[in-house]
Amino acid sequence: SIMGTQLLVYFLLNFAACSVIGDLPLPTPDQLAWSKWELGAIIHFNMATFLAGDGCGFPGNGVPAPSLFNPSKINTDQWATAFQAFGAKYAVLVAKHNCGFTLWPSKVHFPEFNFTYNYTVAQSKSPVQDVVGNFVKSCRSHNIEPGFYYSVVSNYYMNVHSSKVQQEKLMPGMANVTQDQYFQVVIAQLNELWGEYGSLGEVWFDGGYQQEIKDNLTATLAKLQPHATAFNGQGLSKNAIRWIGTEAGRAPDPNWSTGESGGGDPKSTVWCPAECDTTLQDHDHWFYSSTEGIRSLDELIDVYHQTVGHNGNLLLDFTPDKDGLIPDNHMARYKELGDFIRNCYGKPIAATSGTSERITLMVNPPTTVDRIVLQEDQSQGQRVRAYTITMDTMSGLTASVSVNGTSIGNKKIDLLPSSQKVNKVVFTATDMVATPVISHFGVYYCPSG
């Protein structure tokens, strides 16, 4: 039966999500690959681009006309060039935001309740009639994993707010559906989105999902996108990833790879790494605004250190304008940030690895450094709970504790209070749940940030 199949899928997904070495939780291969990507893009480009603010116009004015969507110069290859300049390994397109407007020509039709989904790019003035399809092609030609954001809990066109079909009078342009009919539309559209564009790196559930369709979502995701990570997908997917809990571009320290909310929980048996989404534009503005400035390079470097450098993935916002292009000043800032990351962290002054509670890194000849990067081999779990770094400096060659830390995970970047000329750096795990497997222990020097 369908219900029996769904329960079996649910059991298998949750059993796989709790894979352990002894009592040590482990990532799935897809979660592990996702963490190694480190940098991602989220593209806010939809009906809200052509309205005031990040929502769906002004309540009471009715559904914005599809003809408003008219990006006359849209070029998704230009977007992908910007993703690459930043260094993104994956990109998540907002395929349907709160208005309900879809960036693919959805063909969902239910004659049994006389419904056709006719609020799509196909009804707009866009010269590209399948933005989702073009986006996927551009990503793949630039070696970037594509992904999709689809707001399950909001759809103004279908009169849905906070997961529920509203009972107030319909505004102009709204579709008249019941709650169950809305759920049928959601599943049908996700079958299109997840089923017609190939393998995806990530799917997004912004604001979560409705419990009434949990089993159906679980089965659909497992069938169509078994390898995609699922943002806010706890309970739906073996490849769930969690929200860090803020849109400021700051992860706490410590930030663990286990646990299902905020900075995680080292005692949790659920592997669920954190994603840190944040804007390029000022004032937490997600869709393009001609009046908003953009964050400085120094601030974005700090964001990088407090997200990727705190064992999280950084998902940075990209905002094509009304022409359908990334603005020139945005392009330049993405490249500046990407250049800093590549120039600073592309090659260590010295590095080593090892499976031990204590690892020594010799720096020969003695060299000035100002930061340390540690990485665990998380295929073996997150094992370190606390550590110290000591250095032999050239000012008398006296060892002193320079760094005390807790969570390492995929990557921990420790910035030193001041640069030091060193010839030996020693990592010591002071608390652990198993022998540390350190895949990278390196020192770097980047006076520009």
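In this text, all values refer to a predicted model and were calculated from it rather than measured experimentally.
Ring geometry for F135 against F83 counts as perpendicular: the plane angle is over 60°, on a 0 to 90° scale with 30° as the lower cut. Note: Y288 and H330 have tilted aromatic rings, judged against thresholds of 30 and 60 degrees for the angle between ring planes. Ring-plane geometry between F287 and H44 is classed as perpendicular, the angle between the planes exceeding 60 degrees on a 0 to 90 degree scale with a lower cut at 30. Relative orientation of the Y197 and F148 rings is perpendicular, given thresholds of 30° and 60° on the angle between their planes. In this structure, Y304 and Y345 have tilted ring planes: the angle between them lies in the 30° to 60° band.
Side-chain contact of Q378 with S257: a donor-acceptor pair under 3.5 Å is present, judged by distance alone. Side-chain N/O atoms of W37 and E145 include no donor and acceptor closer than 3.5 Å. In this structure, a donor-acceptor pair under 3.5 Å is present between the side chains of D414 and Y387. A donor atom on one side chain and an acceptor atom on the other are found under 3.5 Å apart for H109 and T116. Side chain to side chain, E202 and W34 meet the donor-acceptor criterion of an N or O pair below 3.5 Å. Side-chain atoms of S268 and E260 form no donor-acceptor pair, as typed in the model, at a separation below 3.5 Å. At a cut-off of 3.5 Å, with distance as the only test, a side-chain donor of S138 or D77 sits close to an acceptor on the other residue.
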Under 3.5 Å, which donor-acceptor pairs do the side chains of residues 86-94 form with other protein atoms, sequence neighbours left out?
| residue | atom | partner | partner atom | Å |
| --- | --- | --- | --- | --- |
| K89 | NZ | G87 | O | 3.3 |
| Y90 | OH | E275 | OE2 | 2.7 |
| Y90 | OH | N313 | ND2 | 3.4 |

Show which side-chain atoms of residues 437-444 pair as donor or acceptor with protein atoms under 3.5 Å away, not counting sequence neighbours.
| residue | atom | partner | partner atom | Å |
| --- | --- | --- | --- | --- |
| S439 | OG | Q375 | O | 3.4 |
| H440 | NE2 | Y444 | OH | 2.8 |

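Taking the six-membered ring where the residue is Trp, the centroids of F69 and F50 are separated by under 6.0 Å. Ring-centre distance between Y117 and Y157: below the 6.0 Å cut-off. Ring-centre distance between F45 and W79: below the 6.0 Å cut-off.
The backbone N or O of A230 lies less than 3.5 Å from no partner atom in the side chain of S237, so there is not a single donor-acceptor pair. W256 contributes no side-chain N or O that, together with a main-chain N or O of R385, makes up a donor-acceptor pair within less than 3.5 Å. A donor-acceptor pair under 3.5 Å is formed between the side chain of S407 and the backbone N or O of N255.
The one candidate from N155, T120, L103 that meets the side-chain contact (heavy atoms from CB on, under 4.5 Å) condition with K96 is N155.
Counting heavy atoms from C-beta outward, E38 and L314 have side chains that stay 4.5 Å or more apart. Side-chain contact check for R295 versus V303: some heavy-atom pair is nearer than 4.5 Å. In this structure, Y156 and M174 have side chains that are in contact, with non-hydrogen atoms separated by less than 4.5 Å. No side-chain heavy atom of V121 sits less than 4.5 Å from a side-chain heavy atom of T102. Side chains of I42 and F231 form no contact here, defined as non-hydrogen atoms less than 4.5 Å apart. Proximity of I187 to L217: side-chain heavy atoms (C-beta onward) are separated by under 4.5 Å at one or more points. In this structure, the side chains of Q181 and F110 stay at 4.5 Å or more apart for every pair of heavy atoms.
Crowding of H142 atom NE2: a count of heavy atoms from other residues, nucleotides or ligands under 6.0 Å exceeding 12.
A distance of 8.0 Å separates CD in E376 from CG in N311, rounded to the nearest 0.5 Å.
Listed by first and then second residue, the salt bridge (Lys or Arg N to Asp or Glu O under 4.0 Å) pairs that reach into residues 302-325 are R250-D302, sequence neighbours excluded.
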